[in-house]
Number of protein chains: 2
Amino acid sequence: MTPSPDPPAGLERLLGTDLTAEPVFLMARAASTGSSAANKQLAELDLKVRHYSVLALACGEERLTQRELSQFLVLDPSQIVAILDELERRGAVERRTDPRDRRSKVIAPTPAGRNLYAQAKALVGVSTSESLSPLSDEERQELSRLLRKVAF
Amino acid sequence: MTPSPDPPAGLERLLGTDLTAEPVFLMARAASTGSSAANKQLAELDLKVRHYSVLALACGEERLTQRELSQFLVLDPSQIVAILDELERRGAVERRTDPRDRRSKVIAPTPAGRNLYAQAKALVGVSTSESLSPLSDEERQELSRLLRKVAF
DNA sequence: TATTGTTATACTCTATAACTATA
DNA sequence: TATAGTTATAGAGTATAACAATA
């Protein structure tokens, strides 16, 4: 089993080591605990962060093709297939052949999908609040701002 | 193959979507690109971030057991075994039975291991500079500070 | 009886290549 | 000839359980 997530239980003496000064390590650790927490919340809806991400984009203003989802989420096209298979099986999204390029499929949410997304978004909000609880509101916004600059 | 890493190539119109406001998504994406960049640099030494992390802790002041490495890195004990097998095979670390508890093994770096770590640390520094290039020095420090609060 | 390290196994995630249908 | 989606497969990465040595 994976060890206890957050407090290294008596290993606070390691917090001043070289490793804890490495952004790549801190980022990986923060992302890992954050994703775990989000997946735990989303399990109630039998979703994972990857499905949530695709569903969120599907429910947005833009109608995207699978190729575009793949590019934006930095996931292989074959992985998008698997995620959409699952979401479509559950009736949350539809694949529609693009009339302008019949090779492409545009992803659209169903009403049930929009409803699922609303619930999922609330659950992710809960886990985000938990994960960022050590930060003030200003710090949360600043963290998001900095991450956005790094991520794109 | 995994799509191009950073610029979503014409998908800037998605930067204002709900998803890009989710810290869990931003964090995962930043961590993913950061780890990829670091692994790419470390490939020159035939190392990955996970080996680098263990090596870094092994080269620190504290002498840690495998169990402690497992707890601090949030990796399963069996994964620590695999990482140490590799590092020991390369002569970078040694497993020493703890005289006070002969079940435990304390990990110690070899001179070659310290040398390897120095090289690896420099390479990670290069990738960190690249990954954080959109940020000013002040922003980098602030990001590290915030991540440290979230990660521990 | 409990714990450390180890091994074995399975399951998820990711990467790669080949196929189809369209362009 | 090239591209979008799909399928199949293999490789990492991770999770789980059982075992030997030690406590």
Side-chain angles (χ1 to χ4, degrees), chain A residues 1-5 9-10 28-29 31-33 35-36 39-40 42-43 46-54 63-89 93-107, chain B residues 1-5 9-11 28-29 31-33 35-36 38-40 42-43 46-54 63-89 93-107:
Chain A
M1 188 203 58
T2 296
S4 79
R29 179 158 174 131
S32 163
T33 60
S35 292
S36 294
N39 279 328
K40 208 169 167 183
L42 287 172
D46 206 26
L47 287 175
K48 297 190 175 178
V49 171
R50 61 179 32 226
H51 303 97
Y52 173 76
S53 298
V54 169
R63 292 278 71 80
L64 302 172
T65 67
Q66 296 186 201
R67 184 65 45 165
E68 290 171 320
L69 289 171
S70 161
Q71 289 169 347
F72 190 72
L73 296 175
V74 197
L75 289 175
D76 195 81
S78 60
Q79 296 181 54
I80 299 293
V81 170
I83 295 167
L84 287 175
D85 282 350
E86 174 67 15
L87 289 176
E88 199 169 35
R89 185 189 64 75
V93 303
E94 286 175 3
R95 285 186 243 228
R96 297 178 185 162
T97 300
D98 187 343
R100 294 167 305 175
D101 183 344
R102 305 189 61 257
R103 292 173 303 181
S104 298
K105 293 179 184 170
V106 169
I107 306 308
Chain B
M1 188 203 59
T2 297
S4 79
L11 293 178
R29 178 156 176 133
S32 164
T33 61
S35 292
S36 294
N39 280 328
K40 209 169 167 182
L42 287 172
D46 206 27
L47 287 175
K48 297 191 175 176
V49 171
R50 63 181 29 227
H51 303 97
Y52 173 76
S53 298
V54 168
R63 293 278 71 80
L64 302 172
T65 67
Q66 295 186 202
R67 184 64 46 166
E68 289 171 320
L69 289 171
S70 161
Q71 290 169 345
F72 190 71
L73 296 175
V74 196
L75 291 174
D76 195 81
S78 61
Q79 296 182 55
I80 298 294
V81 169
I83 295 167
L84 287 176
D85 283 351
E86 175 66 16
L87 290 176
E88 199 170 35
R89 184 189 66 74
V93 302
E94 286 175 3
R95 287 185 241 227
R96 298 177 184 163
T97 301
D98 187 343
R100 293 168 306 176
D101 182 344
R102 305 190 61 256
R103 290 174 304 183
S104 299
K105 293 179 184 169
V106 169
I107 306 307

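This one's a predicted model, so the numbers in the text were calculated from it and none came from an experiment. Lettering follows sequence order; numbering is per chain, from 1.
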- request: Using whole Å, report how far CD of Q71(A) lies from C1' of dG5(D).
  value: 13 Å
message: What residues from residues 80-89 of chain B pass a heavy-atom cutoff of under 4.0 Å to DNA chain D?
response: none
message: Using the salt bridge (Lys or Arg N to Asp or Glu O under 4.0 Å) criterion, which residues pair with R96(A)? Sequence neighbours excluded.
response: E94(A)
field: Protein-nucleotide distance (N39(B), atom CG; dG13(D), atom C1'), rounded to Å
entry: 12 Å
- prompt: Could you write nucleotides 18-23 of chain D as a row of B, S and -, 5' to 3', where a protein heavy atom under 4.0 Å of any base atom gives B, of only sugar-phosphate atoms gives S, and otherwise -?
  reply: ---BBS
Between N or O atoms, less than 3.5 Å apart, protein on one side and nucleotides 8-13 of chain C on the other: list the pairs.
unit_1, atom_1, unit_2, atom_2, d
dC13(C), OP1, K48(A), NZ, 3.3

- prompt: Among all residues two or more places apart in sequence or in another chain, which pass the side-chain contact (heavy atoms from CB on, under 4.5 Å) test with K40(B)?
  reply: none
message: In whole Å, I'd like the distance from the CG atom of L64(A) to the C1' atom of dG5(D).
response: 16 Å
- prompt: Any sub-3.5 Å donor-acceptor pair from S32(B)'s side-chain atoms to A28(B)'s backbone N or O?
  reply: no
statement: Separation between CD1 (I83(B)) and CG (L47(B)), nearest 0.5 Å, reads 11.0 Å
field: N39(B) and V49(B), any side-chain heavy atoms less than 4.5 Å apart
entry: yes
- request: Using only side-chain N and O atoms of R95(A), determine if any of them is under 4.0 Å from OP1 or OP2 of dT6(D).
  value: yes
query: dT4(C) P sits how many Å from K105(B) NZ, rounded?
result: 13 Å
- prompt: When rounded to the nearest 0.5 angstrom, what distance separates CD1 in I107(B) from CG in L84(B)?
  reply: 4.5 Å
query: Tell me: CG of L73(B) to C1' of dG13(D), nearest whole Å?
result: 15 Å
message: Nearest 0.5 Å, please: how far is CG in D46(A) from CD in E86(A)?
response: 7.0 Å
query: Tell me: CD of E68(B) to P of dG5(C), nearest whole Å?
result: 9 Å
task: For the pair E88(B) (side chain) and R95(B) (backbone), establish whether a donor and an acceptor sit closer than 3.5 Å, ignoring hydrogens and angles.
output: yes
Sidechain-backbone polar pair: S70(B) side chain, L75(B) backbone, donor-acceptor under 3.5 Å: yes
message: Please enumerate all residues that pass side-chain contact (heavy atoms from CB on, under 4.5 Å) together with S104(B), with sequence neighbours excluded.
response: T65(B), D98(B), D101(B)
query: Less than 4.5 Å apart, any side-chain heavy atom of Q66(B) and any of V54(B)?
result: no
task: Take the protein atom CG of L75(B) and the nucleotide atom C1' of dT16(D), then report the distance between them rounded to whole Å.
output: 16 Å
- request: Could you tell me the separation between the CZ atom of R96(B) and the P atom of dG5(C), rounded to a whole number of Å?
  value: 15 Å
